[in-house]
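Down below is the structure, laid out as structure tokens.
These numbers come from the heavy atoms of this one structure, side chains and all, not from hydrogens, waters or symmetry mates. Numbers restart at 1 for each chain; the letters A, B, ... are given by sequence-line order, proteins then strands.
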Protein chains: 2
Amino acid sequence: MTKQPDAVPARGRELPHPDPDAIRLGDVLHALADPVRLSVVSALAADGGELACSEIELPVTRSTCTHHYRVLRESGVLRQIYRGTAKMNQLRRKDLDDRFPGLLDSVLAAAAGEGSGG
Amino acid sequence: MTKQPDAVPARGRELPHPDPDAIRLGDVLHALADPVRLSVVSALAADGGELACSEIELPVTRSTCTHHYRVLRESGVLRQIYRGTAKMNQLRRKDLDDRFPGLLDSVLAAAAGEGSGG
DNA sequence: GTCAAATTACGAACATCCTCGTACAAAGGT
DNA sequence: ACCTTTGTACGAGGATGTTCGTAATTTGAC
């Protein structure tokens, strides 16, 4: 109530996500091509559920984390929901599998293989 | 004016390719994330064999083509061989499938789906 | 209301990438 | 030798991308 006049509706805490059909292959590949972001995706896949940003340790500062999470969200790779002071992240598995069958799994498998010394 | 003294051995016409084990997932994803390069890969996959650079029409100049082909070669996505005045390009299907099973196929399928109106 | 925790926004530095134009090199045909 | 075809090298411009630091916001607990 201090800063926002009225232009933006009350809940400025809802984040924009692309519709499943609007997810672009190029955006997804670009999002996954960065090592920091790929490690986020791997962590979320390993967990299977949802993780707060603070639960995934990354070798960059918090503002850089914000940037990477946004790239992942805007590309349609993950969904972000506020819960209390935390922001929960969840892979958009079904949306991705429907749109690009096998892509996420093959990337995750490849990342796991490389990570463990290949 | 031969420009090149003797530093480089006679055949400057052999191109460096990464070993199969040296192919990096991040490099491959980055290479495939560009629309021009993805169209090259799709064309090569559709053909199944090898194509000269000049046989794949791209909406960029020749020097930009050279750049994109190099990115694809250096990332391990394709192999390039000189043949006469032409440079032939071929997908490194087996190398990619061995290293990152399913990745190339899922990307190609995704690209085909998007291209035809998804 | 005050405080702490989690995260964002903004601006800036720096690196990388995509694109082009021009000049050049290699191979093949005449 | 000359010309054409094909592709390269170099340099530059402009757009994106990654990273950070600092100041601010939101929520929950006290």
Going by side chain to side chain donor-acceptor pair (under 3.5 Å), name the residues that satisfy it together with [X], two or more places apart in sequence or in a different chain.
{"X": "A:S106", "answer": "B:S106"}
{"X": "B:S39", "answer": "none"}
{"X": "A:D97", "answer": "none"}

Atom [atom1] of [X] to atom [atom2] of [N]: distance rounded to whole Å?
{"X": "A:E57", "N": "C:dA6", "atom1": "CD", "atom2": "C1'", "answer": "15 Å"}
{"X": "B:L72", "N": "C:dC17", "atom1": "CG", "atom2": "C1'", "answer": "14 Å"}
{"X": "A:E74", "N": "D:dT16", "atom1": "CD", "atom2": "P", "answer": "14 Å"}
{"X": "B:Y82", "N": "D:dT5", "atom1": "OH", "atom2": "C1'", "answer": "14 Å"}
{"X": "A:H30", "N": "D:dT16", "atom1": "NE2", "atom2": "P", "answer": "11 Å"}
{"X": "B:Q80", "N": "D:dG7", "atom1": "CD", "atom2": "P", "answer": "10 Å"}

**Item:** Contacts of type side chain to side chain contact (heavy atoms under 4.5 Å, CB included), residue A:A110, not counting sequence neighbours
**Value:** B:L25, B:F100
**Asked** Under the salt bridge (charged side-chain N to carboxylate O under 4.0 Å, His left out) rule, what pairs show up with a residue in residues 61-82 of chain A, not counting sequence neighbours?
**Response** A:R79-A:D95
**Message:** With side chain to side chain donor-acceptor pair (under 3.5 Å) as the rule and sequence neighbours excluded, what pairs involving residues 50-59 of chain B come up?
**Reply:** B:E50-B:R83
**Message:** Does anything in residues 58-71 of chain B come within less than 4.0 Å of DNA chain C? Heavy atoms only, and list the residues if so.
**Reply:** B:V60, B:T61, B:S63, B:T64, B:H67, B:H68
**Complete:** Note: contacts of residues 32-56 of chain A with DNA chain D (heavy atom, under 4.0 Å) are A:D34, A:R37
**Request:** Please name all residues satisfying salt bridge (charged side-chain N to carboxylate O under 4.0 Å, His left out) with A:D47, sequence neighbours left out, ordered by chain then number.
**Result:** none
**Asked** Does B:D105 pair with B:R93 as a salt bridge, N-O distance under 4.0 Å?
**Response** yes
